[in-house]
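I have placed the structure first, in the form of structure tokens, so that the comments after it can refer back to it.
The first residue of the sequence shown is numbered 1, and numbering continues consecutively from there.
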Amino acid sequence: MIVRTTEAITGTERDVAGPGWRSKRIVLGGDKVGFSFHETTIEAGTVHKFHYQNHVEAVWLVEGEGSLLDLDNETEYPLGPGSMYLLDGHERHQVTARTQLRMLCVFNPPVTGREVHDENGVYPLIIEEEDAASV
């Protein structure tokens, strides 16, 4: 059984941030449950382009207002509390935050550490130190 709080993750290696966003990696690949689970916040007034070439991602918006733009077909979707979107086709997408967004994200296969995607969909699956010895 794994029990964690986001407060306990704050300031640790599981608390990852970039310009305009922060992700608390609550469950990672090293937990060996087959997915990763993150709480991510995106700052109000920011726009972020994403492409997870190697992962399926489900997102549930807990708070905030914004929009999701499918960059391949230019379809835009409003986002508000209770919105869910699933990226099952590795869609290139853009998230615009009108107010601060707080979302819960599930990735499969799991993210394994502090890796941060780039705009070309490269999201390397970094081998954690304890796993490297067994490879």
Side-chain angles (χ1 to χ4, degrees):
M1 181 180 296
I2 298 171
V3 178
R4 293 193 178 103
T5 66
T6 55
E7 291 80 18
I9 291 170
T10 302
T12 71
E13 69 281 349
R14 289 176 178 255
D15 189 3
V16 181
W21 63 270
R22 182 177 188 178
S23 181
K24 293 186 180 185
R25 310 295 173 77
I26 300 163
V27 175
L28 289 170
D31 295 318
K32 301 188 184 345
V33 295
F35 64 90
S36 61
F37 178 64
H38 311 170
E39 177 190 58
T40 299
T41 55
I42 299 180
E43 292 177 14
T46 61
V47 177
H48 300 272
K49 292 181 180 176
F50 299 103
H51 178 213
Y52 300 113
Q53 181 173 307
N54 301 308
H55 300 273
V56 170
E57 180 190 21
V59 176
W60 181 38
L61 188 66
V62 177
E63 67 182 50
E65 302 286 334
S67 63
L68 171 71
L69 175 64
D70 183 325
L71 295 171
D72 294 326
N73 66 23
E74 298 299 318
T75 303
E76 189 166 18
Y77 305 91
L79 295 176
S83 299
M84 188 283 301
Y85 62 90
L86 176 64
L87 302 166
D88 62 348
H90 312 293
E91 295 87 351
R92 297 173 194 279
H93 60 289
Q94 176 178 291
V95 174
T96 301
R98 285 193 295 280
T99 63
Q100 178 177 286
L101 302 178
R102 186 167 66 94
M103 49 189 63
L104 304 177
C105 309
V106 175
F107 289 86
N108 185 7
V111 173
T112 62
R114 298 184 54 83
E115 61 271 68
V116 175
H117 72 278
D118 70 20
E119 301 307 330
N120 294 316
V122 177
Y123 204 137
L125 297 176
I126 298 169
I127 297 175
E128 294 180 15
E129 289 182 30
E130 61 267 18
D131 293 337
S134 65
V135 174

Taking the side chain from [X] and the backbone from [Y], do they hold a donor-acceptor pair closer than 3.5 Å?
X     : Y     : result
Asp15 : Thr12 : no
Thr96 : Ser67 : no
Asn73 : Thr75 : yes
Arg14 : Ile9  : no

I would like to know whether Leu101 and His48 meet side chain to side chain contact (heavy atoms under 4.5 Å, CB included); could you show each step before the answer? CA-CA 12 Å; Leu101 302 178; His48 300 272; over 6 Å; no
Once rounded to the nearest 0.5 Å, what's the spacing between atom [atom1] of [X] and atom [atom2] of [Y]?
X      : Y      : atom1 : atom2 : result
Arg22  : Arg102 : CZ    : CZ    : 12.5 Å
Leu61  : Thr40  : CG    : OG1   : 11.0 Å
Glu76  : Leu71  : CD    : CG    : 10.0 Å
Leu68  : Tyr77  : CG    : OH    : 7.5 Å
Leu104 : Ile26  : CG    : CD1   : 7.0 Å

On a heavy-atom basis, which atom in [X] and which in [Y] lie closest, and how many Å separate them?
X      : Y     : answer
Pro110 : Gly34 : CD-O, 3.7 Å
Glu57  : His93 : OE1-NE2, 4.5 Å
Cys105 : Val59 : SG-CG2, 4.1 Å
Glu13  : Val16 : O-CG2, 3.9 Å
Val111 : Arg25 : CG1-NH1, 3.6 Å

Under 3.5 Å donor-acceptor pairs involving side-chain atoms of residues 80-89, not counting sequence neighbours:
residue : atom : partner : partner atom : Å
Ser83   : OG   : Gly80   : N            : 2.9
Ser83   : OG   : Gly80   : O            : 2.8

Would a hydrophobic clustering, with Ile, Leu, Val, Met, Phe, Trp and Tyr connected at side-chain separations under 4.5 Å, put Trp60 with Phe37?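 Yes, Trp60 and Phe37 fall within the same hydrophobic cluster.
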Does one hydrophobic cluster hold both Val106 and Val33, with members joined at side-chain heavy-atom distances below 4.5 Å?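 Yes, because Val106 and Val33 connect within a single hydrophobic cluster, where side-chain heavy atoms sit under 4.5 Å apart.
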Going by heavy atoms in the side chains, are Glu39 and Ser23 under 4.5 Å from each other?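 They are not in contact (no side-chain heavy atoms under 4.5 Å apart), so the answer is no.
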Check whether any side-chain heavy atom of Val95 sits under 4.5 Å from a side-chain heavy atom of Phe50, and report yes or no. yes
Those residues at least two apart in sequence (or on a different chain) that pass side chain to side chain contact (heavy atoms under 4.5 Å, CB included) with Gln100 are Thr41, Glu63
